[in-house]
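Data block below; observations after.
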Protein chains: 2
Amino acid sequence: MTDGPRRSVVRRLLSVLDTFDATTPTQSLTEIAARTELPLPTAHRLLAELTAGGWLERLPDGRYRVGLRLWKLGTLAPSYRNLRELALPYMQDLYHATHENIQLAVLDGRTALCVENINSVRSVPTRTRIGGRLPLHATGVGKVLLAAAGTELLASLAEKGLRRFTRYTIIEPGRLSRTLATVRDEQVAFSREEMTLGACSVASPVTRPDGGVVAAVSIVAHSSVDVDRLAYAVRTAASGISRQTGML
Amino acid sequence: MTDGPRRSVVRRLLSVLDTFDATTPTQSLTEIAARTELPLPTAHRLLAELTAGGWLERLPDGRYRVGLRLWKLGTLAPSYRNLRELALPYMQDLYHATHENIQLAVLDGRTALCVENINSVRSVPTRTRIGGRLPLHATGVGKVLLAAAGTELLASLAEKGLRRFTRYTIIEPGRLSRTLATVRDEQVAFSREEMTLGACSVASPVTRPDGGVVAAVSIVAHSSVDVDRLAYAVRTAASGISRQTGML
DNA sequence: GACGTTCCTTTCACGGGGTGGAAGTCAGGT
DNA sequence: ACCTGACTTCCACCCCGTGAAAGGAACGTC
């Protein structure tokens, strides 16, 4: 029946957990079995064990969703645990000064991962959610993180082709590389409608005392806003957070 | 060797994950093996699989910690996913109006679980962390959640004895029960140095359109602050959040 | 009320993969 | 050089996870 190579119990279990994402926060047994390509009884047994332990929850209608226990565990993840607590006050200051959207992201593989955000009702509505992903080459935070990463990352991204989101997206590796050099130089990255038409952003790196970049903060505003004028604000906030990282 | 009854692979794996908590965010192989009571090679294999999938991370010194993937997954947990995003703006309003600590908690088993907080530098320093637990009988948020839960919960807590934290902690089940009636009536709960000497709190319930209580917001202030004057502020914020829960 | 459908749950004999004692490796200390 | 403690690898045994098949449960349809 199952053609694929046999996975270990552990990998099966983890692939069950992996089926939960932002687009499918709740799932039925059949859906999970289908997505994991596991026989129905097998999926059922794994889900039963996860539910019994409180890792997943079962809704009255039989559907499964992520439980509090997993949330609590995730809370201990490094980029979250302290960074978020240190950064939030500074992000709030930025928000009160500008009334625009504020984001905090870390590097996760080949994308930027949003770990905290403050959405403004007055500013451009962003699709970004906590736990959501952002492209490295078309956003402010992405560029900051990409600039700080080794050149191999850029090379590997370029190899697979830089996706064009709007007509302003930089998809030429050479031009992107030059942009990143400026970012490293000035500690600020811009994105002018490169990800979404009508939205611009300014980002700046959060660093450890040794200079390593751990995250990026940014302001995401409507394209009519002069983001250059916001650059110093982001840099100031980023410096504030960076100063605190020494205490981790 | 191992005396205990044999656990299934799944339960073994989950007990490995379970060893991670706020007090031990990073652990060595030997520590994990000891805490889970698993043979060292077994623990090693499980950890290797978890690390390979990005569920755990390995530090240069060989210690393990929770990885980004688990954090992302936890992000999907119900009480967190939307509640937090809805509530944060209102919590910020409260913070700016009062400059005290603000907390948001949900019921989790026999304790209150803090899902969001804003710590004020000007107010009492709180030990509470996101993902941290608070007693139901000695805190504002706890009382709100306990009042909304069935009477069985209070009975079962009383059976095991209500822990005394300070000389003000209510440990008489009858008196607590009467207090909870008032909480239900007035939609506000107070804690006056019942958890920590020098700290008081006011809390109010966040409800769904059908009236069910999903969370509690509170202000935690120095005991010199007249918390009665803050009651309307918390109730207002709680109402605001409650109105939004209809959109979930 | 019988019948079909869909989704979930339970059973159980089989055999492959997890197990863990033992041995090997590595780093730091004396 | 020798020891100690912590991690990693090996591999033969055997236990426990597996999944096809059958049993329920909850609907909707004729």
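Worth knowing before you read on, the calculation uses all heavy atoms, side chains too, and leaves out hydrogens, waters and symmetry mates. Protein chains get the first letters and strands the later ones, always in sequence-line order, with residue 1 at the start of each.
Overall bending of the helix from C:dG1-D:dC30 to C:dT30-D:dA1, expressed as the angle between end axes built from five pairs apiece, is 30° (10° steps).
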Checklist entry - Should B:D21 and A:K72 be marked as a salt bridge (Lys or Arg N to Asp or Glu O under 4.0 Å) after you check the CA-CA gap, both sets of side-chain angles, and the distance that decides it? => result CA-CA 8 Å; B:D21 58 41; A:K72 245 182 291 175; over 6 Å; no
Checklist entry - Stepwise, does the salt bridge (Lys or Arg N to Asp or Glu O under 4.0 Å) test hold for A:E85 with B:R129? => result CA-CA 9 Å; A:E85 294 178 19; B:R129 235 180 42 81; 3.8 Å; yes
Checklist entry - So B:E116 and A:R84, salt bridge (Lys or Arg N to Asp or Glu O under 4.0 Å) or not? Walk me through it. => result CA-CA 11 Å; B:E116 185 66 58; A:R84 187 206 159 278; 2.3 Å; yes
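A:R35 and A:Q27 share a side-chain donor-acceptor pair at under 3.5 Å. B:T128 and B:Q103 form a side-chain donor-acceptor contact under 3.5 Å, judged by distance and modelled atom types alone.
A straight line from CG of A:D61 to P of D:dA26 spans 14 Å, rounded to a whole angstrom. Rounded to whole angstrom, the span from the CG atom of A:L46 across to the P atom of D:dG17 amounts to 10 Å. Computed from coordinates, the A:H44 NE2 to D:dG19 P distance equals 15 Å when rounded to whole Å. To the nearest angstrom, P of C:dT9 lies 14 Å from CD of A:E49. The distance between atom CZ of A:R58 and atom C1' of C:dC7, rounded to the nearest whole Å, is 11 Å. B:L47 places its CG atom 16 Å from the C1' atom of D:dT9, with the value rounded to the nearest Å. The interatomic distance linking B:R7 (CZ) with C:dT19 (P) rounds to 11 Å, in whole Å. The distance between atom CZ of A:R45 and atom P of D:dG19, rounded to the nearest whole Å, is 8 Å.
For A:P41, the side-chain atoms get nearest to D:dA20 when compared with the rest of D:dT8, D:dT18, D:dA20. Residue A:L40 places its side chain closer to C:dT9 than to any other of C:dT9, D:dG17, C:dT19. Among the nucleotides C:dG18, D:dG19, C:dC8, the one closest to any side-chain atom of A:V9 is C:dG18.
Scanning for side chain to side chain donor-acceptor pair (under 3.5 Å) contacts around A:S239 gives an empty result, with sequence neighbours left out.
The side chain of B:T42 contributes an N or O atom lying less than 4.0 Å from OP1 or OP2 of C:dG20. A sub-4.0 Å separation between OP1 or OP2 of D:dG17 and a side-chain N or O of B:R12 is absent.
Tested against A:L46, the residues A:V16, A:L56, A:I32, A:T36 include a single side-chain contact (heavy atoms from CB on, under 4.5 Å) partner, A:V16.
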